[in-house]
Every structure is written in structure tokens, then in C-alpha cells.
Amino acid sequence: MVAATREFRPSSRGDASAIALARIDYAAEAEPVGTMPPPAGLLDGVKTAAKMMRGQQPTLLLDKLGERLAFERTGVRLYEALLSKHDSSLGGGLTRADVQHILDEEREHFALLREVMEARGGDPTAVTPSADVQATASKGLCAVLADPRTTFVEGVEAILIAELTDNECWDALIGLADAAGERELVARFAEARDTEREHLQRVRGWLANAHSRAMTAGVFPASRRPPLSARASGRKSTTRSATGRQKRAPGKKRTTGKKRAQATPRAR
Ligand SMILES: [Fe+2]
Ligand SMILES: [Fe+2]
């Protein structure tokens, strides 16, 4: 790999500082990711909307409610995919009910946010600007869980990122509700935040157990086993990295970057 970086020089001139300047130029002219429509409550002048006006940005709370709502919905999907990994017997050390329990709580959080949003004149089906950004940021988590090559443990590692974000963002939402004078919301959100603390603790525990089991066994579990088809035929297997690049089977001679380039010419 090091030799190839010397052989195939960058195809364009300049360095990363030119990229930084281009980013700044684009940012100066870029439009925001999205904008929030005013909640119906604001137009009607109802009491709840008036409360939200206390903040500098009346739609900020709704935007963040939408963000959390979308993330909790994604959380349900992530745990559903994790259940499939569990059922395909790549998991171990914890029961199906353990995973299902957290999945149900993520769904409850989603329902809570939908109710709160509707009560404040917001549209729970709208992708708010913050929800859009969060969805982009968490795309990789869904990709890891949906990938049939990843193991149960790798799925839990991806979910750990989601739970860390969950914990942080519920805290932020509580702060916003507090600033808007929404006492009841603060109490309900604090309850959800406490549940998220438990999720994080459990996920960390599962991972610690899985890692210590793997260390004791001397192998990393499941994904490092050859695929079933290869095991049945007794041939040596190759594995693919997360980038889809095939790794060499032990003992197989390496193809140089030059030979590969000759065999498969590509646009530079
Ligand atoms: Fe959650
Ligand atoms: Fe959670």
C-alpha cells in the first residue's frame, strides 16, 4: 500500500489547504439544510405556542423534537435489525427478550415525541432540518446493522454510538424544554433520558462480556469464521473488509498495484 501511494501520485495539484478554501467559499453561499414551517399553534396564537415564543427561536424546540423523533424511530429499526442478527445465531450471552425490551422502550420514546409534537402544532411526519442532519450522520449505523456480513457484536458496537447520541441529545432537549418553560415536558423527557442511561449501561455490559468471551476463546467471534458455503466445501475463504475490498487468503500471492492497474485500466 505504501509503495502504491508513491507510484500513483495525486491526479490534481494542490493540497488540503486548497480544499479548506473551497469549503469556505461554498459555505459562504450555501443555503441552510432546511427551514422550519411555523407551527400551526403559532398562527392561531394558542397558549402552547406563546410559551415557545419565550425562546429566541420559536421553532427551535419543534426542530429538535423532530430530530429526536426521527432518531428514536431509527433506534427502533436498529434494534429490529439487531434482533435478526440475534436470531441468525451470531449473537450470544444475552436473550432475545433483552434486545426486545430496549426496542420497545425506543418505540415508547418515539410515541411520546409524536404526541408532544402534535400537541404543539408540529407535524410528526416532517423531516425537520436537525432530523435531516442527524439522519445523514447516522447513515453508517443502519448500514452496519443491515449488512449480512456483520456479526451481532459488531451490530451492538454500532448501536453503542446510537445510544451515546441518544443520551446526549435527550439532555439537550430537556435544556430546551426548560428554557421554554415547559415544566411537564422536562419531567417526561427526564424519564426518557433515565431509560437511555440504562440502555447505554446495558449495551456497554453486553460488549464487555462479548469481548472478554472472545479473548478467552482466543478468537474474535462469528464474522471471522469462513462463510457456510466455504466451510461445507472445505476450501479456504477470503473475507471482505468494510470497504468491500477483498482480503487475500492465507498463502495466496499478492497482486501488485501495478499489475492490477494493467489488468483493469480505469479513468484517472
Ligand atoms: Fe432512544
Ligand atoms: Fe436508547
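Atoms within each ligand, like the ligands themselves, are counted from 1 in listed order. For clarity, every value in this text was computed on a predicted model and none was experimentally measured. We number each residue from 1, following the sequence as shown.
- The shortest side-chain heavy-atom distance between Arg183 and Asp178 falls under the 4.5 Å cut-off.
- Residues satisfying the salt bridge (Lys or Arg N to Asp or Glu O under 4.0 Å) test with Arg114, not counting sequence neighbours, are none.
- The atom of Glu106 nearest to the Fe ion (ligand 1) is OE1, with the search restricted to N, O or S atoms.
- Within the 2.8 Å limit, Glu196 places at least one N, O or S atom next to the Fe ion (ligand 2).
- Among the backbone and side-chain atoms of Asp166, an N/O/S atom is found under 2.8 Å from the Fe ion (ligand 1).
- One finds a salt bridge joining Arg68 and Glu72 here, because a Lys/Arg side-chain nitrogen approaches an Asp/Glu carboxylate oxygen to under 4.0 Å.
- Vertex the Fe ion (ligand 2); arms to His199 ND1 and Glu163 OE2; angle rounded to 10 degrees, 90°.
- Leu78 is listed as a side-chain neighbour of Cys142, based on a closest heavy-atom distance under 4.5 Å.
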